[in-house]
Protein chains: 2
Amino acid sequence: MPVISPLLNEYIEEQAITSADKTFLQLRKDIVEGVILPSSKLSETELSTKYTVSRAVIREAINRLSACHLVERKANVGARVVSLTRAGLIQLYQVRESLEGMAARLAAKNMSDEEISDLNSLLNTHFHEVQSGESYYQEAGDVDFHYRIILGSKNHHLISLLLDGTYHLVRMYRVQLGMSGPRVTTAFDEHKHIVQAISNRDEELAEMLMRRHILYSKNNIESKLSN
Amino acid sequence: MPVISPLLNEYIEEQAITSADKTFLQLRKDIVEGVILPSSKLSETELSTKYTVSRAVIREAINRLSACHLVERKANVGARVVSLTRAGLIQLYQVRESLEGMAARLAAKNMSDEEISDLNSLLNTHFHEVQSGESYYQEAGDVDFHYRIILGSKNHHLISLLLDGTYHLVRMYRVQLGMSGPRVTTAFDEHKHIVQAISNRDEELAEMLMRRHILYSKNNIESKLSN
DNA sequence: AATGCTTAGATTGTCGACAATCTAAGCGTT
DNA sequence: AACGCTTAGATTGTCGACAATCTAAGCATT
């Protein structure tokens, strides 16, 4: 059993109140996980019968998906799921490098001592799981690690941009390109060094290491692509 | 007459096709410029009569405003214009520093020689305008400068995050705090050095200078705040 | 055969009405 | 007087229908 931080759980437990909320979350899940394929058209009438809600609800959900760049909408024409391209992936990781680098810097400044010690113990748990070969939870652990640092930045704009926006697109790329648990061992060392920098309150180093970590990750994924 | 780049014009000329488009742009303008005050409630029925469109149109416009963090919506309660706080401003500028720094780095890599030379001539025009005391156009020139670099990054994600999201909030802060044309002379020198780094294709330096430029700008605005 | 116009079908955009939920005023109880 | 419950009013959420727009098939022309 992996340890998922309460902070993270709080954010993951996106309480869907309205029907539009639930439809949005469901559609986002289906798109990210490839149930609805990239570049496919999202017909409002079709989806409204499929999810048994009115077109207005579907429209609102699609608009939100458009806001986080998972679909592209054209006036009087309709919405399509974004298509995954090599250039798009590179650009996405450039943004991620920039934002998560800043997040690591701010985390080194703003995380409480307790949060940092929690982060350290998470890393230990993560380490033991990797040892015992639970590669599935390994990815959850990786996500949890990054989420904690992002939340640790205490910067609401940053958190929203990454968790509501960028991250779902990243996950879509990872899922659909079949990159579930890449670079297990080296990534772990990188995580360790980042946490060390944060523990030392070394903002500069934390940012730099996080940026390199994401850069490596990008190169790794890129090398597995041919097109 | 200030020179506005064609690239910028293209992005500014947001062609509003549907009624929801126009309403969104109008509402955004009114919020950014303070016609609708921070923290005020956005009643759907009230706005629908005021702008003479249906509630559905208003709802879509408000949802888009919510997506770019100009309003906050609560389920079954309604939407309010965001309130401007010192902490919010600082966090916003941290994001801006991160993203625009990356934009400058990528601009140094991806701008064409022609675009760079255009940027240089813009800077000259800008300089002469400052000399003749046209402080109004000075700000437009500043915006144009930053826009060109952002567009020069050629990174669609980055461009969208900054121009559709962050920038309108920044403008809202600047307008409502009465900071129209701050730091004329020093900012110009900073712009000059950034362009120089881009001309030399020095990615590292371009990013660093842009980050410091925005950091200075933040400190300058912050010093003018008391609350 | 290729091109351009016309039209039928389907899709999106907009609207007004009804249902579900929240808010605040009024009443009663302690 | 303070607190909690009930209820009326207003606001948001959802729905189905109509209007505006796009798309593609079919026909006419060159």
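Bear in mind that the values here come from a model prediction, so they are computed numbers and not experimental data.
Within residues 17-28 of chain B, no residue is approached by DNA chain D to less than 4.0 Å at the level of any non-hydrogen atom. Taking every heavy atom of residues 62-82 of chain B and every atom of DNA chain C, pairs under 4.0 Å involve Asn76(B), Val77(B), by number.
Look at Arg174(A) and Asp142(A) and you find a salt bridge, because one of the NZ, NE, NH1 or NH2 atoms lies within 4.0 Å of a carboxylate O, short of that distance. Salt-bridge check for Lys218(B) with Glu97(B): failed, with every basic side-chain N at 4.0 Å or more from each acidic carboxylate O. A salt bridge is defined here as a Lys NZ or Arg NE, NH1 or NH2 lying under 4.0 Å from an Asp or Glu carboxylate O, and Lys109(A) with Glu203(A) fails to meet this definition. Ionic pairing of Lys154(A) and Glu115(A) is present here: one or more N-O contacts between side-chain nitrogen and carboxylate oxygen are shorter than 4.0 angstrom.
Between Val57(B) and Ser43(A), the residue anchored closer to the 5' end of DNA chain C is Ser43(A), taking for each the nucleotide with the nearest heavy atom.
Among pairs with a residue in residues 56-73 of chain A, those fulfilling salt bridge (charged side-chain N to carboxylate O under 4.0 Å, His left out) read Asp21(A)-Arg64(A), Glu44(A)-Arg59(A), Glu44(A)-Arg73(A), Arg59(A)-Glu60(B), Glu60(A)-Arg64(A), Glu60(A)-Arg59(B), at least two apart in sequence or across chains.
Every residue meeting the ring pair (Phe, Tyr, Trp, His ring centres under 6.0 Å) condition with Tyr167(B), not counting sequence neighbours, appears here in chain and number order: Tyr147(B). By the ring pair (Phe, Tyr, Trp, His ring centres under 6.0 Å) test, Phe145(B) pairs with His191(B), sequence neighbours left out.
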For Arg171(B) and Glu33(B), run side-chain contact (heavy atoms from CB on, under 4.5 Å): C-alpha distance rounded to whole Å, both residues' side-chain angles, the deciding distance at 0.1 Å, then the answer.
-> CA-CA 8 Å; Arg171(B) 215 159 74 81; Glu33(B) 297 181 357; 4.1 Å; yes

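Between chain A and DNA chain C, the heavy-atom contact criterion of under 4.0 Å yields a 5' to 3' nucleotide range of dT11(C) to dT14(C).
Residues Asp30(B) and Tyr51(B) bring a donor and an acceptor atom of their side chains to less than 3.5 Å of each other. Between the side chains of His146(B) and Glu100(B), at least one donor N or O lies within less than 3.5 Å of an accepting N or O.
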